[in-house]
Enquirer: 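Dumping the structure here so I can ask a few things about it.
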Amino acid sequence: METLARILESILRTAAGWPDWIGSAAALLGALFFSLLLHALLFRVLQRWVNTDSGMAGSSLRHARRPTRLAFVLAAMVITVPRLDLPWRLQDGLGHMLLILLIVLIGWTAILLTRHLSDRVIRRQRMDIDDNLAARKLVTQFRVLRRTATILLTIFTVAAVLLTFETVQEYGVSLFASAGAAGLILGLAARPVLANLIAGIQIAITQPIRLEDVVIVDGEWGWVEEILATYVVVRIWDWRRMVVPLSYFIEQPFQNWTRESASIIGAVYWHLDYTVPVEELRAKLEQIARDSPHWDGNVINLQVTDTDKDTIALRGLMSARTSPQAWDLRCEVREKLITWIQAEHPEALPRLRGELRPAMSGQTPG
């Protein structure tokens with residue numbers, strides 16, 4: 001920018017002796033020409049250092065070429081227009097408008113580059129496989145941080161535009177003088193938004209939840225479908241959607257079934273008669289698990305976990321690669337074992353027993 005300013009100053013000095021409108025037009029055209037020339041030279045040098053055909057740096061350079069060219073043009077006009085002798089003092093208003101456009105362009109370019117880089121990283125991740133824990137970690141971080149960065153860049157851009165107005169600058173000085181009361185009022189008003197923004201940064205770093213995590217929130221079982229700037233969308237198993245503030249996952253307890261891996265152990269319970277052959281039932285359970293496409297081959301077990309005066313309680317444990325597969329495996333095992341017991345050992349089903357005693361001779365019922 002300093003080089004561009006020096007070139008523009010020399011153009012203005014050269015055009016100073018010409019007629020007003022010719023000098024102004026020549027200075028403006030010269031400034032535009034040299035800004036485009038400087039931009040082309042800068043990108044020619046950068047292209048020699050960075051391979052633009054592949055790689056993240058080259059891709060970013062390609063996407064930034066057009067916005068930065070427009071930024072160079074606006075910067076040249078911002079420097080040149082206030083120094084021109086335009087009628088009706090148009091240079092002041094026009095220069096202010098060009099400065100605002102330059103600030104907006106810089107903020108917009110930063111947002112576009114942030115989105116481009118995050119999308120490039122996200123597209124490389126495989127989310128369509130069972131063991132996608134590493135991919136979900138990275139995608140969650142980049143999506144949450146991208147949304148947070150977009151909000152912050154938008155706020156800074158709007159603030160920079162407002163500060164170009166003298167009235168806003170004067171109001172800012174008076175607001176700074178009374179920062180105690182104003183800060184307290186603004187802090188209380190913006191507390192929910194700020195709490196969720198800070199929670200989003202915490203979630204991106206510590207990751208108590210990730211995209212497609214299986215969670216239980218407020219008694220509802222579902223998947224984390226989307227993590228936005230201020231809230232999380234949980235997809236319930238029956239296709240409902242639960243919208244939860246980001247701060248909830250920092251302040252409130254919840255269950256995360258896929259925190260370390262997608263594999264999970266499911267349990268099935270039966271209450272059967274004391275005559276049930278436990279060993280045969282255990283062998284049948286192992287056979288059903290081996291024949292099922294949902295079992296991952298790791299955990300299969302059957303235990304007697306409790307007894308009461310009428311029945312015994314049995315618990316079957318079985319593992320699967322994902323929680324939906326664990327649910328299907330539990331339902332399959334429960335159904336097939338009940339069918340097998342009904343066919344092979346119907347006497348093992350729960351029943352109530354009674355005893356009839358004949359009345360002894362010589363006794364009358366009292």
Side-chain angles (χ1 to χ4, degrees), residues 56 60 110-156 183 186-237 240-266 296 298 319-327:
M56 189 171 297
S60 302
I111 292 174
L112 286 182
L113 289 178
T114 302
R115 291 183 176 179
H116 170 69
L117 293 176
S118 61
D119 289 340
R120 186 179 177 88
V121 174
I122 290 171
R123 283 196 300 267
R124 295 180 178 179
Q125 308 306 314
R126 291 289 305 276
M127 297 286 289
D128 56 345
I129 58 178
D130 291 335
D131 190 11
N132 57 1
L133 178 62
R136 290 190 292 110
K137 283 183 178 180
L138 198 60
V139 170
T140 300
Q141 283 183 333
F142 272 84
R143 284 190 177 179
V144 174
L145 292 178
R146 179 185 66 186
R147 291 188 176 99
T148 305
T150 300
I151 292 175
L152 293 178
L153 287 172
T154 303
I155 293 174
F156 290 150
L186 291 176
L188 291 175
R191 181 184 176 278
V193 177
L194 294 176
N196 285 314
L197 285 176
I198 295 173
I201 297 175
Q202 288 180 286
I203 287 175
I205 296 174
T206 60
Q207 293 198 337
I209 57 171
R210 309 179 193 91
L211 291 172
E212 294 303 320
D213 266 350
V214 178
V215 296
I216 296 180
V217 180
D218 198 20
E220 297 284 358
W221 180 83
W223 295 267
V224 177
E225 183 177 48
E226 198 170 6
I227 303 177
L228 298 175
T230 56
Y231 62 90
V232 177
V233 179
V234 179
R235 184 176 70 252
I236 309 301
W237 63 272
R240 290 178 294 151
R241 299 297 190 271
M242 176 182 288
V243 179
V244 186
L246 276 174
S247 56
Y248 179 92
F249 295 95
I250 301 298
E251 301 171 355
Q252 302 294 329
F254 64 95
Q255 294 186 38
N256 188 337
W257 287 13
T258 54
R259 179 69 178 85
E260 296 297 332
S261 68
S263 300
I264 193 170
I265 296 176
D296 63 359
N298 291 329
S319 59
R321 286 179 290 274
T322 63
S323 56
Q325 291 182 3
W327 174 264

Enquirer: Report the residues that fulfil side-chain contact (heavy atoms from CB on, under 4.5 Å) with T150, sequence neighbours left out, ordered by chain and then residue number.
Expert: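 Listed in chain order: I111, R115, R146, T154.
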Enquirer: Measure the spacing between CG of N298 and CD1 of I265 and express it to the nearest 0.5 Å.
Expert: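 With rounding to 0.5 Å, CG (N298) is 8.5 Å from CD1 (I265).
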Enquirer: Under the rule for side chain to side chain donor-acceptor pair (under 3.5 Å), what residues qualify as partners of S263, not counting sequence neighbours?
Expert: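 Per chain and number, S263 pairs via side chain to side chain donor-acceptor pair (under 3.5 Å) with no residue.
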Enquirer: Testing the basics here: between A149 and T114, what is the closest heavy-atom pair and its distance to 0.1 Å?
Expert: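 What the structure gives for the nearest pair is CB-CG2, 4.1 Å.
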Enquirer: Check the pair L153 / I155 against side-chain contact (heavy atoms from CB on, under 4.5 Å), numbers first and verdict last.
Expert: CA-CA 5 Å; L153 287 172; I155 293 174; over 6 Å; no
Enquirer: Of the non-hydrogen atoms in D213 and R210, which two are nearest, and what is the gap between them?
Expert: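 Nearest heavy atoms, D213 then R210: OD2-N, 2.7 Å.
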Enquirer: Please give me the minimum heavy-atom distance between Q125 and L138, naming the atom from each residue.
Expert: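 Closest approach of Q125 to L138, heavy atoms only: NE2-CD2, 3.3 Å.
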Enquirer: Find the distance between CG (D119) and CZ (R124) and round it off to the nearest 0.5 Å.
Expert: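 Separation between the atoms: 12.0 Å.
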Enquirer: What heavy-atom pair brings Q325 and A320 nearest, and what distance separates the two atoms?
Expert: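 Here Q325 and A320 meet closest at C-CB, 3.8 Å.
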Enquirer: Show the nearest heavy-atom pair for residues I264 and S323, with the distance to one decimal.
Expert: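 For I264 and S323, the tightest heavy-atom pair comes out as CG2-CA, 3.7 Å.
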Enquirer: Sequence neighbours excluded, which residues qualify as side-chain contact (heavy atoms from CB on, under 4.5 Å) partners of A204?
Expert: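 Here the qualifying residues are V144, L145.
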Enquirer: Looking only at atom types and distance, does a side-chain atom of T140 sit under 3.5 Å from a main-chain N or O of L211, one as donor and one as acceptor?
Expert: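 Answer holds: yes.
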Enquirer: Might you point out which heavy atoms bring Q141 and I205 nearest each other, and give the distance in Å?
Expert: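 What the structure gives for the nearest pair is NE2-O, 4.3 Å.
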Enquirer: List for me each residue that meets side-chain contact (heavy atoms from CB on, under 4.5 Å) alongside I236, sequence neighbours excluded, and say none if there are none.
Expert: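 Scan of I236 (side-chain contact (heavy atoms from CB on, under 4.5 Å), adjacent residues dropped) gives E220, V234, D238, R240, M242.
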Enquirer: Donor-acceptor pairs are to be reported for all side-chain atoms of residues 221-228 against protein atoms at under 3.5 Å, with residues two or more places apart or in another chain.
Expert:
from : atom 1 : to   : atom 2 : distance (Å)
E225 : OE1    : R241 : NE     : 2.8
E225 : OE2    : R241 : NE     : 3.4
E225 : OE2    : R241 : NH2    : 3.2

Enquirer: With the side chain counted from C-beta on, respond yes when I203 and P208 share a heavy-atom pair under 4.5 Å apart, and no when they do not.
Expert: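 I203 reaches P208 side chain to side chain.
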Enquirer: Nearest 0.5 Å, please: how far is CD1 in I209 from CG in L246?
Expert: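 Rounded to the nearest 0.5 Å, the CG-CD1 separation comes out at 7.0 Å.
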Enquirer: Mind checking what makes ring pair (Phe, Tyr, Trp, His ring centres under 6.0 Å) contact with F254, not counting sequence neighbours?
Expert: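 With sequence neighbours excluded, F254 shows a ring pair (Phe, Tyr, Trp, His ring centres under 6.0 Å) to F249, given in chain and number order.
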Enquirer: In this structure, are over 12 heavy atoms from other groups packed under 6.0 Å from Y231 atom OH?
Expert: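 No, the 6.0 Å shell around OH holds no more than 12 heavy atoms from other groups.
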